[in-house]
Amino acid sequence: MKRALVVGCSTGIGQAVALTLVCNGWDVLGVSRTRPKLDRLHWVPMDVLSSAFVEELVAAIRYWSGGALDTLIYTVGTQVPVGLFSETDSDQWEASIATNLIGAARSTRACIPYLRKSSDGRILLFSGGGAFYPR
């Protein structure tokens with residue numbers, strides 16, 4: 001059975017991806033701040049902005065799968081702040097960078113050793129339109 005980790009599985013694209021994988025016979029570990037409304041999903045509450053995120057993620061992967069992982073899917077994202085750089089809140093700007101970039105990088109780095117154990121390990125990082133058409 002193939003194993004996928006979906007970071008940001010509680011709503012939107014992440015929830016749809018997790019549901020599709022589960023319905024297609026995958027064993028799925030989902031992590032998010034909020035519990036998703038999905039059956040047959042292993043879920044662990046996590047926040048990509050937490051200082052303990054990487055350690056928690058690695059522990060969850062080891063517990064859930066014994067360290068085997070075929071796919072990492074990162075769907076966490078935020079679109080704030082919106083507006084002129086000089087007029088937006090710097091704390092929101094930094095949180096956006098931490099969520100959209102640093103969270104994805106930390107997730108990827110944490111999963112690489114487990115993905116290398118797969119004969120066909122994959123990483124899929126989602127990005128919203130704001131990455132290409134900033135507001």
Spell out, as yes or no, whether a donor-acceptor pair under 3.5 Å connects the side chain of [X] to the backbone of [Y].
{"X": "Thr75", "Y": "Phe126", "result": "no"}
{"X": "Asp70", "Y": "Arg3", "result": "yes"}
{"X": "Asp47", "Y": "Phe53", "result": "no"}

Residues two or more places apart in sequence or in another chain: which of them pass salt bridge (charged side-chain N to carboxylate O under 4.0 Å, His left out) with Arg122?
Asp120
So Leu38 and Val22, side chain to side chain contact (heavy atoms under 4.5 Å, CB included) or not? Walk me through it.
CA-CA 9 Å; Leu38 296 173; Val22 166; over 6 Å; no
Identify which one of [options] satisfies the side chain to side chain contact (heavy atoms under 4.5 Å, CB included) criterion when paired with [X].
{"X": "Cys9", "options": "Val31, Leu41, Leu29", "result": "Leu41"}
{"X": "Ile73", "options": "Leu21, Leu125, Ile123", "result": "Leu21"}
{"X": "Leu5", "options": "Val28, Thr71, Leu57", "result": "Leu57"}

Can you list, pair by pair, the side-chain donor-acceptor contacts under 3.5 Å of residues 102-113, counting residues two or more places apart and other chains?
from: Arg106; atom 1: NH1; to: Val48; atom 2: O; distance (Å): 3.1
from: Arg106; atom 1: NH2; to: Ser50; atom 2: O; distance (Å): 3.2
from: Ser107; atom 1: OG; to: Gly103; atom 2: O; distance (Å): 2.9
from: Thr108; atom 1: OG1; to: Ala104; atom 2: O; distance (Å): 2.8

Hydrophobic clusters here meaning ILVMFWY residues chained together by side-chain heavy-atom distances under 4.5 Å, can you tell me if Leu69 and Met1 are in one?
no
Would you find more than 12 non-hydrogen atoms of other residues, nucleotides or ligands less than 6.0 Å from Ile13 atom CD1?
no
Would you say that Trp26 contacts Thr20 through its side chain, given a criterion of any heavy-atom pair below 4.5 Å between the two side chains?
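No; the side chains remain at least 4.5 Å from each other.
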Test item: Val44 and Trp64 side chains (from C-beta on) under 4.5 Å apart, heavy atoms
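No, every pair of side-chain atoms sits at 4.5 Å or beyond.
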Does the pair Val82 and Thr88 meet the rule for a side chain to side chain contact (heavy atoms under 4.5 Å, CB included), with working shown?
CA-CA 7 Å; Val82 175; Thr88 55; over 6 Å; no
